[in-house]
Every structure is written in C-alpha cells, then in structure tokens.
Protein chains: 4
Amino acid sequence: MTDKPDDKPDKPRRRLPRSVREQEILDAAVQVFSKRGYRAAVVDEIAELAGISKPMVYLYLGSKEGLFVACVRRESARLVAAFREAADAGGPPEGRLWAGLAAFFGYVAEHRDSWVVMHRQAPEQGEEIAGELAAARRSVMAEVTGLVGAGIAEGGGGPIKLGAEDAEFVAHALVGAADSLTDWMERHPGESPEAVTVRLMNVMWVGMRNVLAGEVWSRPEG
Amino acid sequence: MTDKPDDKPDKPRRRLPRSVREQEILDAAVQVFSKRGYRAAVVDEIAELAGISKPMVYLYLGSKEGLFVACVRRESARLVAAFREAADAGGPPEGRLWAGLAAFFGYVAEHRDSWVVMHRQAPEQGEEIAGELAAARRSVMAEVTGLVGAGIAEGGGGPIKLGAEDAEFVAHALVGAADSLTDWMERHPGESPEAVTVRLMNVMWVGMRNVLAGEVWSRPEG
Amino acid sequence: MTDKPDDKPDKPRRRLPRSVREQEILDAAVQVFSKRGYRAAVVDEIAELAGISKPMVYLYLGSKEGLFVACVRRESARLVAAFREAADAGGPPEGRLWAGLAAFFGYVAEHRDSWVVMHRQAPEQGEEIAGELAAARRSVMAEVTGLVGAGIAEGGGGPIKLGAEDAEFVAHALVGAADSLTDWMERHPGESPEAVTVRLMNVMWVGMRNVLAGEVWSRPEG
Amino acid sequence: MTDKPDDKPDKPRRRLPRSVREQEILDAAVQVFSKRGYRAAVVDEIAELAGISKPMVYLYLGSKEGLFVACVRRESARLVAAFREAADAGGPPEGRLWAGLAAFFGYVAEHRDSWVVMHRQAPEQGEEIAGELAAARRSVMAEVTGLVGAGIAEGGGGPIKLGAEDAEFVAHALVGAADSLTDWMERHPGESPEAVTVRLMNVMWVGMRNVLAGEVWSRPEG
DNA sequence: AATGAATGAGATTTCATTCAT
DNA sequence: TATGAATGAAATCTCATTCAT
C-alpha cells in the first residue's frame, strides 16, 4: 500500500547487513563531524544522512564518542594508506616523495571532510577522543616525516647536515601548508592536486635543496 | 545595604566603567572559545572567568553570538595590527617582509587563543558567525598576501613572473605552515619564534627566490 | 537450511514445545524482574537469559506487562501450593500450623526471586499490574491468615476472644517479619529456615498463646 | 496580563531562597520515589510536584542519583531522630522501649513515603545508591536493635541468655512486621499507632518475656 | 550596575515493540 | 518456529537566555 511495486528497488527501507550499514553510518558521521565539529554535530543529523534512525547509530557504534573515534580511526588509516601506496612505488626517492606528497595533497583536497575530522578538532573533548586524535595525527605526520627524511637523506651531501628534527619541521610545515592550501584550491578550481604539489615543491623542495647546498637565508641588515 | 562603604577594599567587587568591563569579558571569552570551540563553550564559564555574573555578559554583549563576533573582531584587528606595526618599520623591503612574517609567527605562537578563535572554528555556526569568521580570515590573509607580494615584486625580474595568484598561494602556505608549526614549537620549547621564522624562510623563501631566478622543480623521470 | 539434521546435538538450538519454552521464559523473567524491578528490567536481558531472541518473548507472552503478570500468577500459585502442601499433612493442628509457616518461611528464603516479584514491587505500575500484584498478595496473605486463624481457634478458650481481625493482624506481622528476616538470614548463613521459624515462634507464638491465656501486656507506669 | 493583582499572594511564581526550595524539592522527591520506585520515578514529575521546572532540580541536587541519596539521608535521619527523641525520655527501660517503638510505628505509619524510600528499594541501583540505602537501613536497624537489646538485658535473668544476635533477630522481625502492618492499618483506619504498638507488644514482647522466663516453644510431636 | 532564581528547548541515550525474512 | 534489523517514544541532563529584585 505504501509500496507500489514500481518503486525504485534501490532505496526502499533497506535491510542491510551490519558491516555495510556501519560503513554508511561512518560515511555520514565523517561529513557531519567535519561540517559542525564534534560538539556541534548532532547524532540526529548523522542518522538522517545515513538514512536510518538514531537508535541504529547507537546500536552500531555505542555512543557519540565511539562514533567519533571510529571515524578518526578509519579516516586516518585511509589517508596513511593512500600515502604509502603512492610512495611505495619503485623509482628514485625524489619521485616517491613527490608521489607520496601528491597523494597526500590529493587525498586532503578530495576528502576534505576526512582531513578536517582528523586535524581541526579542538583537543578538549575528553580523554579518549583527545588520545585518538593525537594518535591519528602522529601516524599521518610520521608518514610525511619519513618521506621527507628519506628525501633529505638522499639529497644530502652538502655542507649542512639536516637531521630528524629538520624532517619533522618540514613535515609540519608541509602538512599545515597542504591543509591551508585546500582553501586556496577551493577558490582556484582549475588547479589539479598535482599542479598544487608542483607549486609547493617549487617553493619548499627547491628551497630545501638549496639549503642543503649551503645557501642559507639570513636576515638582511636593516 | 549589604555593602557598607568601609568594607575592606580587598575583594574588589569593582564597579568598572563599561569599556574596561567589556574588555575583561572579551579576554575571558577568547580563552574559553579557544579552549572549547564555539558550541562547547558555555557562557557560565566565561562569566565566572571574567569575575561577574552571567546577566552582565548578556547586558554587555547581547548574546553568545554577539560575544563571539566581538572576540573575532578584536582578535583579528590585533593580529593585523601586530603585522602592520612590524612591517611598517623602515629599511629594505626584504627586512620588512621578514619582520612582518616574524611578527605573524610570533603572534600565532604567543596568542594561541586568539589565533584558534579565528582559525580553528568550524565555519558553519550560523549566518553572522560564518561571515565574521570569513571576514577575519580574509583580512589576515590579505595582510600576509600583501607582504609576500611586496617581497616578490621587489625581488622579481627573473624569467618567471609571479603574480597575485602566486602571492596568495604562498600566503596560504605560510599561514598554514605557521599554524601547524605551533604544534611543533610546543614540542621544541628551545626554539624561539624568530628561530622558527628563519628555519621556515630557509625552506620557503630561498625556494621562492630561486624559483624567481628560473630554477623550477619538476618531477624527476621515474 | 542452515541446519542440517546431522548437526551436533551439543548446541541445542532446541525446538521446544510451547509449554516448555514458556516456562523457561518465565524462569528467566522472574530472575530479572526480581533483580531489577519491573521498570528497570529490560526484555533483552530476559530473552538472553532464556536463550532465545526477543521476538519469541513477545510471541509467547505478548508484552512486557503480560510477561510480568504471568510471572506473578505462577509464583503466587507456587507459594500458596507450598503452603497448602505442608499444612495439609495430617497431625495435630499446631504441628500443621508450624509446618505451614515453616514452608512459608522456607519458601520466602529459598525463592527470594519469586517472593521479591510478588512483594517488593511498587504497586503503581498501571492498572493490570497493580491488580495482579494485589491479587497475588491477597491470596498469599489469605493463606497465612487462614493458618494462623486455625491455630488460634484451636488454642482458644481463654478469656480473650481472638477473631478474624486478630488473625489478619498476626498474619501481616508474620509475613512482614519473614520478609525482613530473609535479610537477617543472609547475614547468618548458619541458620536454617526451620531454626529461624522456631526462633520466631518462640517470640510470636508463645506470646500469642499467653495472650490467649489472658496475659496482656500494657505500658508500664513511667 | 496573566497576573491579575488580586491573585492570591501565596502561589504566584515564588522566588525562594535555596535552602527552602531544596527542602521542597526533597519533599516532592520522597513522594515520587516512594510511589514509583527509583527507576520508574521521572524527574519531571518531581519537578512538577515541587512547583518548579526540571532544570532547577538538577541545579539543586545535581542528578537523579544525587536527589535520591539526599532523600534517603534526610529521611533516615528523621526516622532515627523520632526514635531517639521518644526513647530518650526518662523512666523505666520498658517504657522507653515502648515509646521508641510507638514512635517508630507512628513514624512509619504516618510517613509511609519516607519509609518506603528507605526500605523497599531494590538494592541494584548502582554503587552509591546501594551504599546509601544500606547505611540508612543499618542506622535505623541499629536504633531498634539497641532498644530491644536494652529491654532484653533489663528483663533478663531467666535461664535463657539472650544476646546481641537475638536482639538483632527481634529487631528485624519488628521492623518487618511494622512495615507490613502499615498495610493492615490502612484497612483498619480506627486503630491508632499506639494501639497497634500494644497489639504487637502483646504478641512479641510478652513472648520474649516468657522465653526469657524459660518457656520455649518447640514443635509438637506430629 | 548587578545578580540569584528560574526556564524552554534541545542534546544524548535507552527500550518496548515490530518488520521482513 | 525463529531472528537480525529497525524505530517511536520517552528518559536524563545541559545551556542560552530572561525575570524580579
């Protein structure tokens, strides 16, 4: 009666297995947490976006906090995977570095929600959430740091020794820049992630290379 | 009535003029908004931190939203002012650029609260707040862009023409990097903001300079 | 289909007849209602304890309320039966009285769950439940009153006439005492229900007998 | 407009000091907890009965659990006070015992709600509540036990030695009987608490006295 | 100018109950 | 016969906001 036989078979009140539903819920949750932030996000909206009722969300993920933690875990794993996959291809290290960074920028640009969930949440949401966020950031940052460090080591040989601390420094700068540059990309829709990567490499990698070669910037006399 | 004039002057129960009170409220509000985020911040905590009662907050700033808007306005004005002040000193342009950027990094590092209120708030909190945040961010970014653009124009002349778009690109990268590097600074307490600025200039500015001189990074064959 | 007939008989996945299943459900329900109270009891727990799924509970008993009513009916019937069985044995009346009361105390002590379901539930859970609880309590109390009354009639003959009202009074006191003494028994595990019965008879029955014989307590002058 | 000047001055939207309001809230809470039990009680009903809004209840007592604990504390203190006050009057011990018991019965009968809150709650409501209930019961029971023990000691001298364990036993029986007898009193409105006390003393005290005197009940041969 | 008292609206979370298979 | 999936309704608790003094 409410269900004419010629309805689309796709949407009508699906009865999905747990694992599929769970992923759909996480998809919705990432969107909402990203758009609103942890506190401002309301579980009702997540449920509605996932096409189910609120109690389902609680049945599957246990609590708003559990939901958020699951999001952070899944999304950070995905970003790290994208990174590794691109960077693990063979070839000279600088190329792998480029590929990893391009994948990183591409991912951050394309999955803004995902990135925002991991990176832009105030860390005052309680013990477990803070820990989970910190872990996610560490794992992302470690991946970038590793690649940068490899690139530095490879390009090394100049009079200046760049060590682990420098790799971390550059990784922080790159990650921050990438995050911020997604705003820029939004206003320049013509630019592909690769183009942005090249732009940034022009600024940062060439700089690094020259620093390795001994050219050091210092404040001009004023 | 409960307050004879010869009370001890120790617990002030101050009767401050509007403007002073208002600033104190804003001071408290910036702290709380920064620590908790807009939604999670509770007006009670702000009032308590300001040492007054909640109705006073409403009397002075009208609403939670008004309170937040006033914070954002004041803080962005301060950051822009720090900027201008440093960059407006005389001397060669590259020195003024350095000074401006160092002031920017220094400000972001030192006034974490202020910066977080402007930059780390989800921009989906309602019409007026979103607008105010966007305006604040734009005005900060414009200032950085201006400085970078001036530096580029000054150093320009190479075969590659860097235009307004490039300045904006670099500004976004710098702002994002500065933001992210405050995390790094927290874990490296020995490094002064100036030292961090130099580090970053080593990587980014030297790179930019060389790019201006025609040295372009391109993906190595792989 | 998922169930080939040569499955191991170990995890039964039993296909029980209605009546047996129903009793198992009631067993579980009595436990849970007793432990949590009517409102706090959750049907999920009852189903799990009974080893079946929740919809089966609804199929068999219709609703949480129906489930509770069935529990109360079955348990009060059991208590009354334990009573009658003990008291109906032959012998002198005082012995039958003792046997009945001992059975009562023993039942209350040993089937704590059963007793709690009948006696410790707030009687404000809605029309049908309140009625059922009242009926159960009345029927238990009637049984005790009957026994006590028989004992009194038997021993009667003194100057004081104990009537139906007195029997009811004593019955209430006995039932309340039995209830409360189960707490005492829990802290004195060495004492058997029969020993407790004797103790109480020492205090109450001897008192009653003497009262029947004309010895009346009155407040001493003070 | 909603408030004609000739309204009764008694009810209209009072603005009470904290301590008074708090007592009113507790009054309402005792009623509701008693009628419904802890879980079934809803804070809305308590608030309405207290004539205020729900948030006030939370402001004053913190949580439903805190509310309940406060009730139990206040009510058990009151009952114990009623007891002590009556029993502390001078005179021979048996009279003080009678007075204490009469006060106890009177209090339980008159403040049924109070008593039910302390005595009839299932002890499965979580750590703090269980502890609070246990403490309340212990303090009430200790008071009764003390008086009974004093009475026993005073009357002692017979061949049978009644000790602390017996006093506890009798106290449990008395308390349980008193609780149950309030039901009986409800159906016999003509009987005063003192009359009920006398009735019970007739049954229990005379029994005790005779037991002290060596008359022991034992099961007749059957 | 200042505040203690109060509340309406909305957040998270739970649970009895029913589909669809 | 049996159940995994799903939900409407209601519970506790929080918070921006306003009275009454």
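No hydrogens, no waters, no symmetry mates; every other heavy atom, side chains included, goes into these values. Naming: A, B, ... by sequence-line order, numbering from 1 per chain.
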J.: Write down the atom of A/A47, the atom of A/V57, and the distance for their closest heavy-atom approach.
T.: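 Of all heavy-atom pairs spanning A/A47 and A/V57, the closest is CB-CG2, 3.9 Å.
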J.: For D/I52 and E/dT7, what is the distance between atoms CD1 and P respectively, to the nearest whole Å?
T.: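 Distance check: D/I52 CD1 to E/dT7 P gives 7 Å.
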J.: Would you indicate which nucleotide in F/dT17, E/dT18, E/dA2 comes nearest to any side-chain atom of B/M56?
T.: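 Nearest listed nucleotide: E/dA2.
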J.: Ignoring backbone atoms, establish whether C/Y60 has a side-chain N or O less than 4.0 Å from OP1 or OP2 of F/dA2.
T.: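 Yes, because at least one side-chain N or O of C/Y60 sits under 4.0 Å from OP1 or OP2 of F/dA2.
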J.: Taking any strand in view, what nucleotide pairs with F/dA9 in a Watson-Crick or G-U wobble way, both distances under 3.5 Å?
T.: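 WC or wobble partner is E/dT14.
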J.: Picking from E/dT12, F/dA16, F/dA6, which would you name as closest to the side chain of A/R21?
T.: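 Between E/dT12, F/dA16, F/dA6, the one nearest the side chain of A/R21 would be F/dA6.
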J.: From the options E/dT12, E/dT7, E/dA6, select the nucleotide whose nearest atom is closest to the side chain of D/L16.
T.: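 It is E/dA6.
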J.: B/E75 side chain to B/M118 main-chain N or O, any donor-acceptor pair under 3.5 Å?
T.: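 Flag not set: sc B/E75 to bb B/M118 has no pair under 3.5 Å.
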J.: From the list E/dT7, F/dT17, E/dA11, which nucleotide is the closest neighbour of the side chain of A/V42?
T.: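 For the A/V42 side chain, the nearest candidate turns out to be E/dA11.
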J.: Paired with F/dA20: which nucleotide, if any, by Watson-Crick or G-U wobble criteria at under 3.5 Å for both distances?
T.: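 Here F/dA20 is engaged in a pair, and the nucleotide opposite it is E/dT3.
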J.: May I have the distance from B/E48 (atom CD) to E/dG4 (atom P), rounded to whole angstrom?
T.: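 Value for this atom pair: 12 Å.
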J.: Using only atom types and a distance under 3.5 Å, with no angle test, would you say the side chain of D/Q121 pairs donor to acceptor with the backbone of D/Y38?
T.: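 Yes, the answer is positive, given that a donor and an acceptor are paired below the 3.5 Å cut-off.
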J.: Under 6.0 Å from the six-membered ring centre of B/F33 and within 45° of its axis: does the NZ or CZ of B/K64 meet both?
T.: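 Negative - B/K64 is either too far from the ring of B/F33 or too far off its axis.
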J.: Nearest heavy atom decides the nucleotide; on that basis, is D/Y38 or B/Y38 closer to the 5' end of DNA chain F?
T.: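 Its nucleotide being nearer the 5' end, the pick is D/Y38.
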J.: Expressed as a whole number of angstroms, how long is the span from A/Y58:OH to F/dT12:C1'?
T.: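 A/Y58 atom OH is separated from F/dT12 atom C1' by 13 Å.
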J.: Distance check needed: F/dT12 C1' versus D/E45 CD, whole Å only.
T.: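 Going from D/E45 (CD) to F/dT12 (C1'), I get 15 Å.
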J.: Out of F/dC13, F/dC19, F/dT1, which nucleotide sits closest to the side chain of B/P55?
T.: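 When the side chain of B/P55 is considered, F/dC19 is the closest of F/dC13, F/dC19, F/dT1.
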J.: Please determine, for the side chain of C/V43, which listed nucleotide (E/dA16, F/dT12, E/dA5) has the closest atom?
T.: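 In terms of side-chain proximity for C/V43, the closest of E/dA16, F/dT12, E/dA5 is E/dA16.
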J.: When only distance counts, do a donor and an acceptor, one from the side chain of B/K54 and one from the base of E/dT3, lie under 3.5 Å apart?
T.: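 Check fails, no donor-acceptor contact within cut-off.
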J.: Tell me whether the side-chain N/O atoms of D/R39 come closer than 4.0 Å to OP1 or OP2 in E/dC15.
T.: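 For D/R39, the contact criterion (side-chain N or O under 4.0 Å from OP1 or OP2 of E/dC15) is met.
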J.: Whom does F/dC15 pair with, Watson-Crick or G-U wobble, provided both distances fall under 3.5 Å?
T.: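 E/dG8 - that is the nucleotide pairing with F/dC15, both distances being under 3.5 Å.
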J.: Nearest to the side chain of A/S53, heavy atoms from C-beta on, is which of F/dA6, E/dT7, E/dA1?
T.: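 So the nucleotide nearest the side chain must be F/dA6.
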J.: What's the CZ-P distance between B/F68 and F/dA16, to the nearest Å?
T.: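 Whole-Å distance recorded here is 14 Å.
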J.: Look at the side chain of B/K64 and the base of F/dT17, then say whether one donor and one acceptor between them are separated by less than 3.5 Å.
T.: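 It does not, because no donor-acceptor pair links the side chain of B/K64 to the base of F/dT17 below 3.5 Å.
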J.: Toward the 5' end of DNA chain E, which comes first, A/A41 or C/E65, by nearest nucleotide?
T.: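 By nearest-heavy-atom nucleotide position, the 5'-most residue is A/A41.
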J.: E/dC15 P sits how many Å from C/F33 CZ, rounded?
T.: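 So the CZ-P distance, C/F33 to E/dC15, works out to 13 Å.
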J.: Want to settle it: does A/L59 or D/D44 sit nearer the 5' end of DNA chain F, counting the closest nucleotide to each?
T.: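 That would be A/L59.
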J.: Rounded off to whole Å, could you give me the CZ-to-P distance for the D/R18 and E/dG4 pair?
T.: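 Interatomic distance, CZ of D/R18 to P of E/dG4: 10 Å.
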J.: Might you point out which heavy atoms bring A/L26 and A/A70 nearest each other, and give the distance in Å?
T.: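 Looks like CD2-CB, 3.8 Å.
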J.: Could you tell me the separation between the CD1 atom of D/I46 and the C1' atom of F/dC13, rounded to a whole number of Å?
T.: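 Going from D/I46 (CD1) to F/dC13 (C1'), I get 14 Å.
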J.: If I compare all heavy atoms of C/L133 with all of C/A122, which pair ends up nearest, and what's the gap?
T.: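 In this case the closest contact between C/L133 and C/A122 is CD1-O, 4.0 Å.
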